[in-house]
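A short write-up of the structure that comes next.
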Amino acid sequence: MRCKIISICLPKGGVGKTTTAVNLAASLAVAEKKTLLVDTDPFGASAMSLGFTPERIKAGISEVFNFTHSLDHAIHKTELEYLDFVPSNVNSIQRDDRFSKIAENRVVLKNALRGVHEVYDYIIIDCPPLMRGIVQNALTASTSVLMPVRCGHFALEAIAKLFKYVDYIKEIANPSLFIEGIVMTMYEANTKVTEISERELKLRYNKYLFKTTIPRNHMVTESTFYGKPVILYNVNSNVSMAYLELAYEIINKYREEKTAV
């Protein structure tokens with residue numbers, strides 16, 4: 001079975017990229033799909049969300065990009081049997097600077113991931129809110145792009161920019177890259193902003209919209225403080241159920257894609 005690599009990406013902060021990356025990866029793992037979560041954001045929020053303090057991190061993407069460790073040596077086990085994790089481990093200004101320079105070579109991550117394709121069903125890449133460097137690496141290595149969108153005008157503009165950037169990456173580096181879909185995050189029903197944003201999304205991008213929406217819920221923030229995916233913090237919460245639904249949407253879509261080939 002071919003590994004599916006999904007970049008969680010949008011050139012705007014505060015839309016729920018890391019939350020979606022961590023909780024989608026955890027939900028795929030709960031569905032017993034062997035999953036690897038890769039944090040390419042130098043801020044390292046995925047590690048915090050999974051309870052990895054600096055002393056627990058043996059190596060990360062930083063070392064992989066510096067060619068001092070293979071990706072195998074940067075993989076960490078998590079509380080979930082089917083979920084492994086590669087932190088960013090960019091823990092100094094000097095490392096950040098070097099990481100950014102090496103990331104200008106867009107095939108570094110693609111080459112690093114080659115050795116683990118046979119091990120995993122899904123690889124989820126958490127991306128920073130950029131359109132260059134490490135994000136170009138992620139999109140060059142990926143099968144598809146998932147865009148988390150929080151309702152609001154600026155997020156809609158960010159989608160338009162990312163669609164153009166995906167076309168650019170397809171042209172120069174990865175012709176088979178496609179849009180996995182757009183998922184609405186921090187969703188609040190019955191508000192004016194949600195109503196307008198949802199209407200605009202359906203008007204412009206209806207065929208890309210996931211049926212699942214991710215509700216706003218304080219459980220997400222709480223679970224991060226405890227270093228756990230929300231499904232391990234409170235499996236019965238509506239946001240846990242939503243991420244499971246999103247995972248199954250993706251699994252079913254992938255099954256259909258393979259059948260069509």
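Positions are given from 1 along the sequence.
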Should [X] and [Y] be counted in the same cluster of Ile, Leu, Val, Met, Phe, Trp and Tyr side chains packed under 4.5 Å apart?
X: Leu246; Y: Val30; result: yes
X: Leu146; Y: Met186; result: no
X: Ile172; Y: Ile134; result: yes
X: Val22; Y: Tyr82; result: no
X: Met184; Y: Ile196; result: no

message: The criterion is side-chain hydrogen bond (donor to acceptor under 3.5 Å, both in side chains); which residues satisfy it with Asp39, sequence neighbours excluded?
response: none
Euclidean distance, [Y] [atom2] relative to [X] [atom1], rounded to 0.5 Å:
X: Thr140; Y: Asn111; atom1: OG1; atom2: CG; value: 10.5 Å
X: Lys12; Y: Lys17; atom1: NZ; atom2: NZ; value: 8.0 Å
X: Thr19; Y: Asn217; atom1: OG1; atom2: CG; value: 11.5 Å
X: Leu209; Y: Leu201; atom1: CG; atom2: CG; value: 5.5 Å
X: Leu203; Y: Arg199; atom1: CG; atom2: CZ; value: 9.0 Å
X: Lys202; Y: Glu200; atom1: NZ; atom2: CD; value: 12.5 Å

For [X], side chain to side chain contact (heavy atoms under 4.5 Å, CB included) partners two or more places apart:
X: Arg132; result: Leu130
X: Ala138; result: Ser7, Leu109, Ile125, Cys127
X: Val235; result: Ile231, Met241
X: Asp167; result: Lys170

Does the side chain of [Y] come within less than 4.5 Å of [X]'s, by heavy atoms?
X: Tyr187; Y: Ile214; value: no
X: Leu80; Y: Leu232; value: yes
X: Ile182; Y: Phe163; value: yes
X: Val239; Y: Asn23; value: no
X: Ile6; Y: Ile250; value: yes
X: Ile251; Y: Tyr122; value: yes
X: Pro129; Y: Leu10; value: no
X: Thr143; Y: Phe178; value: yes

- request: Run the numbers on Arg98 and Phe65 for side chain to side chain contact (heavy atoms under 4.5 Å, CB included), then give the verdict.
  value: CA-CA 9 Å; Arg98 179 161 172 74; Phe65 272 55; over 6 Å; no
Return the minimal non-hydrogen interatomic distance between [X] and [Y], and the atom names on each side.
X: Val90; Y: Ser62; result: CG2-CB, 4.0 Å
X: Ile61; Y: Phe99; result: CG2-CE1, 3.3 Å
X: Leu162; Y: Cys9; result: CD2-O, 3.3 Å
X: Lys34; Y: Lys77; result: NZ-NZ, 3.9 Å
X: Ala103; Y: Asn137; result: O-ND2, 2.7 Å
X: Pro128; Y: Val135; result: O-CG2, 3.5 Å

With a cut-off of 3.5 Å and sequence neighbours excluded, list every side-chain donor-acceptor pair involving residues 67-75.
from  : atom 1 : to    : atom 2 : distance (Å)
Thr68 : OG1    : Glu63 : O      : 3.3
Ser70 : OG     : His73 : ND1    : 2.9

message: side chain to side chain contact (heavy atoms under 4.5 Å, CB included) for Met219 and Glu222? Distances and angles first, verdict last.
response: CA-CA 5 Å; Met219 290 287 177; Glu222 283 183 24; 4.2 Å; yes
If only atom types and distance count, is the side chain of [X] paired as donor or acceptor with the main-chain N or O of [Y] below 3.5 Å?
X: Arg95; Y: Asn89; value: yes
X: Ser223; Y: Val220; value: yes
X: Tyr120; Y: Leu36; value: no
X: Thr78; Y: Leu83; value: yes

- request: Just jot down the ring-ring contact (aromatic ring centres under 6.0 Å, His included) partners of Phe210, sequence neighbours excluded, or say none.
  value: none
Trace of the side chain to side chain contact (heavy atoms under 4.5 Å, CB included) decision for Ile159 with Arg204: CA-CA 10 Å; Ile159 292 174; Arg204 300 186 208 178; over 6 Å; no
- request: Hydrophobic side-chain clustering at under 4.5 Å (ILVMFWY, transitive links): who's grouped with Met48? Put none if nobody.
  value: Phe43
- prompt: How is the hydrophobic cluster of Ile93 composed, in terms of its other members, when Ile, Leu, Val, Met, Phe, Trp and Tyr link through side-chain heavy atoms under 4.5 Å apart, directly or indirectly?
  reply: none
query: Can you list the residues that meet the salt bridge (Lys or Arg N to Asp or Glu O under 4.0 Å) rule with Lys4, with sequence neighbours excluded?
result: Glu180, Glu257
field: Residues Asp121, Tyr254; criterion side chain to side chain donor-acceptor pair (under 3.5 Å); working and verdict
entry: CA-CA 10 Å; Asp121 300 314; Tyr254 190 27; over 6 Å; no
- prompt: Can you list every pair that meets side chain to side chain donor-acceptor pair (under 3.5 Å) and has a residue in residues 41-53, with sequence neighbours left out?
  reply: Ser46-Asp126, Thr53-Glu55
query: What pairs of residues pass the side chain to side chain donor-acceptor pair (under 3.5 Å) test when at least one of them lies in residues 240-249, not counting sequence neighbours?
result: Thr20-Tyr243, Thr212-Glu249, Ser237-Ser240
task: Measure from NZ or CZ of Arg56 to the centre of the six-membered ring of Phe52 and say whether it is under 6.0 Å with the direction within 45° of the ring axis.
output: yes
message: Would you say that more than 12 heavy atoms from the other residues, nucleotides or ligands in this model lie under 6.0 Å from the NZ of Lys58, or not?
response: yes
